[in-house]
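Here's the structure, in structure tokens; my notes come after.
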Amino acid sequence: MKMVRTILAVLFAAAVLYGMQYTRPLYSDITSPIVSSGGMNERIEASTFAVSLDRVRVARALNIETFGKSKPYTSSGVWIVAEGEAEAKFETLSLTSGEWLDRNGIRYVLTDRVPATIEMMPGDVYQPGLPRRILLVFEVPEAAIADGTVVVARTKLMPLDDEIRIATNASDQNIESAITIRRNEEGPPWTVLP
Amino acid sequence: MAALLIAVPAALAVHSWGDIQDWRAEHVRNPVAGAVGQAIDYGGASWTVSRFTRLAGSEGRAIVLAEFEAVIPDPQALAAIPCEVRLSDGEGREWRPAFLSDPVIRRTYPEALERSLCGGPTFAATEPGKPAKMAASFSIPASARDLTLSIALYSARPAYLSFKEPRS
């Protein structure tokens, strides 16, 4: 009888260990960001900052107007232009990571081809109580448009930090031929022309 | 089993003691309160805040300008010491100095632009006994109340200098 109990106990322990080994979360899961999600035209609050998106447009080409000169940017994919507002809640901070997450989980970082995305670059700071307009520009393949999500975080690498995910209404049925972004010398740093 | 009740917390405490010490050493928590115009000894220098004023900025903002001096007997001793200047309000919000000064400062107090940022390079460039002139400006919502300016030298933490906004 004692022998049977011992064997059962060993089998039970082995089963528990086996189960733990296969359900063990990856290190990247344990340290993954703390996500706050929401939709368009909604202020999404993380613990340290808040973001809202009010407009997402898709186009085959971009025109960037600086000092009266227009420079076209073409792409073998499409350009996604998202506009919204961001605010730090308690202390001055920078938001340096913006990504487009498609429905298959593929992430596209902000384009570095277009200087207009400079508003999301390091060194650009958000002050508590002073919301600022943000402009995010992504270059993605056409298949990545539908059901895409915009992901904003302070940095790409900080474990257990805030991350805001905003499900967009972008559609591959509604692709414009071109969008013009004008850099301003005064007032808001840019205007996305209608 | 009973031994584990003591051994596990003890092991955790020993293991994290260094981290707790580091955390305590890095967090400012002992304010050395001062008033505008008054000299205070802190971190091996004599500090005076000469101006702490609020200006009207654009789009519902206020611009806060702080000008301060430090007379340092041995500037080289502080040459590698970082300095942190912060502005906080009654709601616990905290602002870091603005990177570029607002046009209103250029118009109202242009001499403030000639002042340096707080930190080792500024201290090192100062002659012993002469004041190191520094300034910081902040962009805050006009509605922010009960402002406190804090100046912390990394070598003097957890103590920091703390100045309340003068009543105008």
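A note on names: the letters A, B, ... follow the listed sequences, proteins ahead of strands, and every chain is numbered from 1.
- Under the 4.5 Å side-chain heavy-atom criterion for ILVMFWY residues, a single connected hydrophobic cluster contains both M134(B) and F52(B).
- In the hydrophobic clustering of ILVMFWY residues, with side-chain heavy atoms under 4.5 Å counting as a link, I151(B) and V71(B) come out apart.
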>> Using the rule given for side chain to side chain contact (heavy atoms under 4.5 Å, CB included), can you reason through I140(B) versus Q127(A), listing the C-alpha separation, both sets of side-chain angles and the distance that settles it, and then say yes or no?
In response: CA-CA 7 Å; I140(B) 65 168; Q127(A) 307 283 5; over 6 Å; no
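- Here NZ of K89(A) is found 13.0 Å from CD of E91(B). Values are rounded to the nearest 0.5 Å.
- Side-chain heavy atoms closer than 4.5 Å link hydrophobic residues (I, L, V, M, F, W, Y) into clusters, and following such links, even through other members, never connects L101(A) to V140(A).
- Within 6.0 Å of atom CZ in R24(B), 12 or fewer heavy atoms from other residues, nucleotides or ligands are found, so the atom counts as exposed in its surroundings.
- No continuous path of ILVMFWY side-chain contacts below 4.5 Å connects L130(A) to L87(B), so the two sit in separate hydrophobic clusters.
- Annotation: the span from W95(B) atom CH2 to E91(A) atom CD amounts to 11.5 Å, rounded to 0.5 Å.
- One N or O on the side chain of R96(B) and one on the backbone of T92(A) form a donor-acceptor pair closer than 3.5 Å.
- G129(A) approaches R93(B) most closely through the heavy-atom pair CA-NH1, 3.6 Å.
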